[in-house]
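First comes the structure, then the notes that go with it.
Labels below follow one simple rule: chain letters A, B, ... track the order of the sequence lines, proteins then strands, and each chain is numbered from 1. Values reported hereafter were calculated over all heavy atoms of this structure, with side chains retained and with hydrogens, waters and symmetry mates removed. The structure displayed is predicted, hence computed values, not measured ones.
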Number of protein chains: 2
Amino acid sequence: MKSNEAKKEFIQAWGSLGSSWGINRTMSSIHALLMSSPKALSTEEIMEELQISRGNANMNIRALIDWGLVKKRFIPGERKEFFEAGKDIWEIARQIASERKRRELSPVLEVIGRLKETEDQSDPEFTALLKDMHEFTATLTNVMDRFQQSDRNWFFKKLIKLIS
Amino acid sequence: MKSNEAKKEFIQAWGSLGSSWGINRTMSSIHALLMSSPKALSTEEIMEELQISRGNANMNIRALIDWGLVKKRFIPGERKEFFEAGKDIWEIARQIASERKRRELSPVLEVIGRLKETEDQSDPEFTALLKDMHEFTATLTNVMDRFQQSDRNWFFKKLIKLIS
DNA sequence: CAGAACTTTCAATAAATATTGAAAATAATA
DNA sequence: TATTATTTTCAATATTTATTGAAAGTTCTG
C-alpha cells in the first residue's frame, strides 16, 4: 500500500476517533493531515486536501493552535502562513490529556468537591459517593499531573513497572 | 446545602461531563440520577425527575444497561421494572474505560496496526509515526487491561506507587 | 498610501443528533 | 382468552452542532 493511501485512511480513522470522543471531525482530520505530512501546509492546501471551506479550515486550525497541537511556521519568501503538527505521540497524548482535563474535567471536579463540602449528609450513600469520587479523581489528577510534567522516558519506565 | 439540591447539581454536572465527551446528555443524567438515588427507580420516576419523554427514557436506560452501568431490579409485588446503578466509582470507571476502548478505540487501533504493516514506507516520518502510535497504544492497552482485570485495591496501590 | 494578498468573522444554511409521542408489541392478570 | 399494564419502536420534529461563503478586517508590498 502506498503511503499516500495509508495517510488517507489514517486521516479518516483519526477523524472518526475524534468525533466519537466529542472533538469535531474536521479538527481531528486536520490534525491527522498535518501529523502525516512531511512539510508544513498552508490553509489552501488543507482546504484542497480535505475539501472544506476556508472558514471551516481557519476556525479549526485556530482551535488546534489553541490546544497546543499545531504551530504556525513561517517560510522565507512566502507570504501566507503554514502550519505543522508535532509528531511525538507521547507529547501529543500529553497535550490532549492536559487540555481535556483543564477544559472539561476540572470544572466538574470543582463542583463535586464543593458539593462534598457543603451537602448536609442526609443521604449517607450519596455522601459516600461524593467522597469516593473525590478521592478517585484526586488520584487520577495526580497521575495526570505527573504525566504532564514528566519526560517521555520517565513515564514510560514507570508504566512498564506498573504493568509488570 | 440539602442533599436533594446537591444531587440536582451533581446530575447537571455529570450530564455535561458526558456530553463534552461524546456521550449523550440524557444518558449521563440518568446515570447520575440512579447513582445518587438510594433506591431503584422506575421509568416513570426517571421521566418525572428529569422531565423527559418515555421513549427517550427507555432508550437511554437500555443504553446504560448495554454499557453495564445499570441493572434491572425486580421488586416483589411490583409489575414494572426498576433500575439501579452501581455506586463503586472504581467499578464505574473501569466499566466506562472498558466499553469506550472496545467501541471507539480498538477499531482505530486496528486500522493503525494494519497500516503499519502494509504501507510502503515511502515517507519515513509517517512510518515512524505509525510505529510510535502502535507502541504507545500497545502500552496503554496493556495498562487498561490490567486495570480492568484488577481489583480495586491492586490498582489503587499500583497508582500510589507510580506517583510517589 | 493604494492595491493586492491573505486572514478572520459571522449570519445563513446544512447536517448530525437527540427527543417526542403515539401506535405496536409484549407481558401479566383475572 | 380478553383486558389491562407496561415496554418498545420509530417516523416526525426539534435541537444542537458544524459548515459555508462572502464581506470585513488585516498585513504586506511597491
* To do: Compute both the distance and the angle, then confirm whether Arg62(A) meets the cation-pi test with Trp67(A): under 6.0 Å from the six-membered ring centre, within 45 degrees of the axis.
  =>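 Ring-cation test returns no.
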
* Asked: Is NZ or CZ of Lys39(B) both nearer than 6.0 Å to the six-membered ring centre of Phe82(B) and within 45° of the ring axis?
  ->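 Checked: cation-pi criterion not met.
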
* If you measure from the Lys or Arg side-chain nitrogens to the Asp or Glu carboxylate oxygens, is any gap between Asp66(B) and Arg103(B) under 4.0 Å? ->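 Looking at Arg103(B) together with Asp66(B), the answer is yes, because their closest N to O distance falls below 4.0 Å.
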
* To do: Inspect the contact between Glu99(B) and Arg102(B) and indicate whether a charged nitrogen and a carboxylate oxygen are less than 4.0 angstrom apart.
  =>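 Salt bridge between Arg102(B) and Glu99(B), a charged N being under 4.0 Å from a carboxylate O: yes.
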
* Nearest-neighbour nucleotide for the Ser53(A) side chain, dT8(C), dA18(C), dT19(D) considered ->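 In terms of side-chain proximity for Ser53(A), the closest of dT8(C), dA18(C), dT19(D) is dT19(D).
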
What is the distance, to the nearest angstrom, from the [atom1] atom on [X] to the [atom2] atom on [N]?
X	N	atom1	atom2	result
Arg62(A)	dA18(D)	CZ	P	19 Å
Met47(B)	dA18(C)	CE	P	20 Å
Ile46(B)	dT7(D)	CD1	P	10 Å
Ile52(B)	dT17(C)	CD1	P	20 Å
Ile75(A)	dA5(C)	CD1	P	19 Å
Ile61(A)	dC6(C)	CD1	P	14 Å
Phe74(A)	dT27(D)	CZ	C1'	11 Å
Gln51(A)	dT19(D)	CD	P	14 Å

* Taking for each residue the nucleotide of DNA chain D bearing the nearest heavy atom, is the 5' side occupied by Met59(B) or by Glu44(B)? ->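 Residue closer to the 5' terminus by nearest nucleotide: Glu44(B).
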
side-chain N/O [X] vs [N] OP1/OP2, d < 4.0 Å:
X	N	value
Asn58(A)	dT7(C)	no
Arg54(B)	dT8(D)	no
Thr43(A)	dC6(C)	no

* Give Asn24(B) one of three labels, base, sugar-phosphate or nothing, depending on what nucleic acid heavy atoms sit under 4.0 Å from its own. =>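 Result for Asn24(B) = sugar-phosphate.
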
* Considering heavy-atom distances to DNA chain C, does Asn56(B) or Lys80(A) have its closest nucleotide positioned more toward the 5' end? ->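 On the 5' side of the pair lies Lys80(A).
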
* **First encountered from the 5' end of DNA chain C, between Arg25(B) and Phe82(A)** =>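 Checking each residue's closest nucleotide, the 5'-ward one belongs to Phe82(A).
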
* To do: Answer with yes or no whether the side chains of Ser3(B) and Asp123(A) bring together a donor and an acceptor at under 3.5 Å.
  =>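 Asp123(A) vs Ser3(B): no donor-acceptor pair found between side chains.
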
* Heavy-atom donor-acceptor pair, Arg79(A) side-chain to dC6(C) base, under 3.5 Å ->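 Such a pair does not exist between side chain and base.
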
